[in-house]
Amino acid sequence: MPRPGSHKYDIERARTRKRLENEGVATDREAGRLANEQLEQDEHNRPRKVGERADGPKGER
């Protein structure tokens, strides 16, 4: 899933923000904040937990 600051996250945030603006739910400033909140609450967009492979081949030392 996209992490905050990644390109995919930015694209999804822009789409969510545009949808909120078009629906009339929020103004321009509020839409950005609401889009961030929605993406952070979404279970599918939460960053994955770091696994044991993240340590690399020398992580066992």
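Predicted model only: the values in this text are computed from it and were never measured. When a residue number appears, it is its place in the shown sequence, counting from 1.
- Note that CZ of Arg17 and CD of Glu30 are 11.5 Å apart. Values are rounded to the nearest 0.5 Å.
- Between the side chains of Gln38 and Arg19, a donor-acceptor pair is found at a separation under 3.5 Å.
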Legend entry - Test log, rule salt bridge (charged side-chain N to carboxylate O under 4.0 Å, His left out), inputs Lys8 and Glu12: CA-CA 6 Å; Lys8 278 188 163 186; Glu12 191 61 35; over 6 Å; no
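- With rounding to the nearest 0.5 angstrom, the OG1 atom of Thr16 is 13.0 Å from the NZ atom of Lys18.
- Scanning for side-chain hydrogen bond (donor to acceptor under 3.5 Å, both in side chains) contacts around Arg15 gives an empty result, with sequence neighbours left out.
- Taking every heavy atom of both residues into account, Leu20 and Ala31 meet most closely at CD1-O, 3.9 Å.
- With sequence neighbours excluded, the residues forming a side-chain contact (heavy atoms from CB on, under 4.5 Å) with Asn36 are Tyr9, Arg13, listed by chain and number.
- With rounding to the nearest 0.5 Å, the separation of CD in Glu21 from CG in Leu34 is 10.5 Å.
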